[in-house]
Amino acid sequence: MNLVKPQQSIIFKQDSGKASLLDSGEDFEMLDDDEIDDDPPPLEDAGGGKNTKKEPAEDQDASPSSLIDEWMDILGNGQLRKKVLRAGNGPDSRPTKGQNVVIHLKTSLADGTLIEEQPELSFTLGDGDVIQALDLTVQLMEMGETALVQADAKYAYGALGSLAPEVLPSADLALEVQLLDATEAPDLELLSPQERVALAGQKRERGNVYYQRGDYAFAVNSYGFALQITESSSKVDISPEEEEELMDIKVKCLNNMAAAQLKLDHYEAALRSCVSVLAHQPDNIKALFRKGKVLALQGEYADAIRNLKMALKLEPSNKTIHSELSKLVKKHSEQKDAEQAMYKKMLGNPGSGSMQKHQARSSWGVSWKWLFGATAVAIGGVALSVVIAARN
């Protein structure tokens, strides 16, 4: 059974001289946060997609400038547009998400400068294996159709550009696409272990590229597809060694997914990813470290410190763990001091209260003594007056 093997020339590439921050021996230092674009709305809710004018069939090959009224605004924002150059086999022949498609692609700059031509580019539709412009527009194409796509940089290679193909940062693109084939994706249960390893590895690498570019939501999406492949049941015999290989990819995906989820502030999801890793590998340093970071961000300093100490015990020379642990210990101490001060404020000062009670008792004692003495003097005065009156 043939697997879909996305050609690397269309996929974002990182500098070959830059080590991966995810699968290297030390991946605790993460990339700086970058703003990423939100997922585009589903095609059926995009609000665009209507041809305003329909030309006769003989005009299909006319120049793009003469058919401006036929542009389809796919997302309704003018940043991703499609125009049919040659009609296909009808709406019923359109591919659907999850299918493997093959296209003939010409990639050019907005000024018409040809960058690259790929006669047979294959990918899984909707999995994020290619730039968004292709993932979104190919779903609207008919089999055999040739279309021209104008894509804003946002839906192409973004603010970072690309090394292969060589695209400058923030460059708009013109794509000429011909849909050649669409077939159902292979049944994961029927794939051989090595085919599953290869396919899961492709999805994971795609996620790594998205992570390097700061597109963390897309990274999580790609890691999710890789996990589905590793976790699917199999109707094919699998050896213990092959199971271990699939488990290794699964653990890497979960670890990398936790890193991306942390960047997105999805703390509960990141915690679940770390817990899943530790369920398979209790001594996984990366999972312990990231779990500690998540717990710290949730204010659970005691549990965070415990996880970081476990990680430090496994790798005592790791300076990143040392630094993070020192910061957490300081924060935990400050938190305890603040709690104690709050409790004292709520309960009051026991010493001052006792003194006030003693002073109050003393004051009452003086008052009662004065009152008793005054009463005695008054009674004595009355008695003396009675005696004097009796004598008279």
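These numbers were taken from a predicted model, which means no experiment stands behind them.
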Do any N or O atoms from the side chain of H266 and from the backbone of L271 form a donor-acceptor pair under 3.5 angstrom? no

(Q) One pair to check against salt bridge (charged side-chain N to carboxylate O under 4.0 Å, His left out): E145 and R86. What are the steps and the verdict? (A) CA-CA 6 Å; E145 175 186 327; R86 184 175 291 103; over 6 Å; no

* Asked: So if you build clusters from Ile, Leu, Val, Met, Phe, Trp, Tyr with side-chain heavy-atom gaps below 4.5 Å, do F225 and L188 land together?
  -> no

Distance col, row L140:CG vs L179:CG, nearest 0.5 angstrom, shows 11.5 Å

E189 meets the side-chain contact (heavy atoms from CB on, under 4.5 Å) criterion, sequence neighbours left out, with D187, S233, K235

- Task: May I ask you to decide if A133's main-chain N or O and T137's side chain share a donor-acceptor pair within less than 3.5 Å?
- Result: yes

Rounding to 0.5 Å, atoms CD (Q139) and CZ (R94) come to a distance of 10.5 Å

After noting the C-alpha distance and the side-chain angles of S108 and T113, does the key distance pass the side chain to side chain contact (heavy atoms under 4.5 Å, CB included) rule?
-> CA-CA 5 Å; S108 304; T113 303; 5.9 Å; no

Does M143 belong to the same Ile/Leu/Val/Met/Phe/Trp/Tyr cluster as L180, with side-chain heavy atoms less than 4.5 Å apart forming each link?
-> no

query: Got L295 and N307 here, is their nearest side-chain heavy-atom distance under 4.5 Å?
result: yes

Q) E117 and H104: side-chain donor and acceptor closer than 3.5 Å? A) yes

dist Y301:OH -> K327:NZ (nearest 0.5 Å) comes out at 11.5 Å

Report yes if the side chains of N318 and F289 come closer than 4.5 Å at any heavy-atom pair, otherwise no.
no

Do I321 and P316 come close enough that some side-chain heavy atom pair is under 4.5 Å? no

With ring-ring contact (aromatic ring centres under 6.0 Å, His included) as the criterion, how do Y216 and Y210 come out once you've worked through the C-alpha distance, each side chain's angles and the decisive distance to 0.1 Å?
CA-CA 6 Å; Y216 304 117; Y210 276 128; over 10 Å; no

Should L168 and I115 be regarded as members of a common hydrophobic cluster, given that ILVMFWY residues are connected when their side-chain heavy atoms come within less than 4.5 Å of each other, either directly or indirectly?
no

query: Between D152 and Y155, is there a donor-acceptor pair closer than 3.5 Å when you use the side chain of the first and the backbone of the second?
result: no

Under 3.5 Å, is there a donor on one side chain and an acceptor on the other for Q79 and Q150?
no

Could you go step by step and tell me if Y157 and I131 meet the side chain to side chain contact (heavy atoms under 4.5 Å, CB included) rule? CA-CA 7 Å; Y157 293 96; I131 58 176; 3.8 Å; yes

From the list V277, T230, I229, side chain to side chain contact (heavy atoms under 4.5 Å, CB included) partner of K250 resolves to T230

- prompt: Any side-chain heavy-atom pair from E142 and P91 closer than 4.5 angstrom?
  reply: yes

> Looking only at atom types and distance, does a side-chain atom of E205 sit under 3.5 Å from a main-chain N or O of Q202, one as donor and one as acceptor?
Replying inline: no

- Main-chain N/O of L246 paired with R196 side-chain donor or acceptor, under 3.5 Å: no

Rounded to the nearest 0.5 Å, the CZ atom of R81 sits from the CD1 atom of I74 at a distance of 10.5 Å

query = Is there a donor-acceptor pair under 3.5 Å between the side chain of Q281 and the backbone N or O of L278?
reply = no

Scanning both residues in full, the closest heavy-atom pair of E70 with V84 reads OE1-O, 4.4 Å

Tightest non-hydrogen contact, residues T124 and G98, listed as CG2-O, 3.8 Å

Cluster check L314, L312: I/L/V/M/F/W/Y, side chain < 4.5 angstrom
yes

Does D129 pair with K203 as a salt bridge, N-O distance under 4.0 Å? yes

Q | Stepwise side chain to side chain contact (heavy atoms under 4.5 Å, CB included) check, E300 with V294 | A | CA-CA 9 Å; E300 302 291 339; V294 173; over 6 Å; no

inquiry  = Under a 3.5 Å distance rule, please check whether D73 uses its side chain to pair with a backbone N or O of G78 as donor and acceptor.
reply    = yes

Result for side chain to side chain contact (heavy atoms under 4.5 Å, CB included) between K252 and one of N255, I249, D248 points to D248

Exercise for review: Indicate, with yes or no, if L134 and V102 share a hydrophobic cluster defined by side-chain heavy-atom contacts under 4.5 Å among Ile, Leu, Val, Met, Phe, Trp and Tyr.
Suggested key: no

Looking only at heavy atoms, the pair that brings V251 and H280 closest together is CG2-CB, 4.4 Å

Tracing side-chain contacts under 4.5 Å among Ile, Leu, Val, Met, Phe, Trp and Tyr outward from L114 reaches none

- prompt: Between E324 and K293, is any pair of side-chain heavy atoms under 4.5 Å apart?
  reply: yes

message: Is it the case that the side chains of D265 and Y267 hold a donor-acceptor pair, with the cut-off being a distance below 3.5 Å and no angle test?
response: yes

Quiz item: K309 and L325: side chain to side chain contact (heavy atoms under 4.5 Å, CB included), yes or no, with the steps?
Solution: CA-CA 7 Å; K309 284 183 176 179; L325 184 57; 4.0 Å; yes

From the list V138, V101, D135, side chain to side chain contact (heavy atoms under 4.5 Å, CB included) with V130 holds only for D135

Taking every heavy atom of V220 against every heavy atom of A260, the minimum-distance pair comes out as CG2-CB, 3.6 Å

Report task. Check for a donor-acceptor pair, side chain of Q118 on one end and backbone N or O of L105 on the other, with a separation under 3.5 Å. Result -> no

Is the number of heavy atoms from other residues, nucleotides or ligands within 6.0 Å of CG (D111) greater than 12? yes

Between the CZ atom in R206 and the CZ atom in F123, the distance rounded to the nearest 0.5 Å is 10.5 Å

Note: S170 and A159 closest approach over all heavy atoms is OG-CA, 3.6 Å

For a 4.5 angstrom cut-off between non-hydrogen side-chain atoms, does W71 reach L148? yes

Is the side chain of D215 donor-acceptor paired with the backbone N or O of F218 at a distance under 3.5 Å, no angle test?
no

Are any side-chain N or O atoms of E166 and backbone N or O atoms of L163, one a donor and one an acceptor, separated by less than 3.5 Å?
no

dist L160:CG -> R213:CZ (nearest 0.5 Å) comes out at 4.5 Å

Tightest non-hydrogen contact, residues Q261 and A269, listed as OE1-O, 3.1 Å

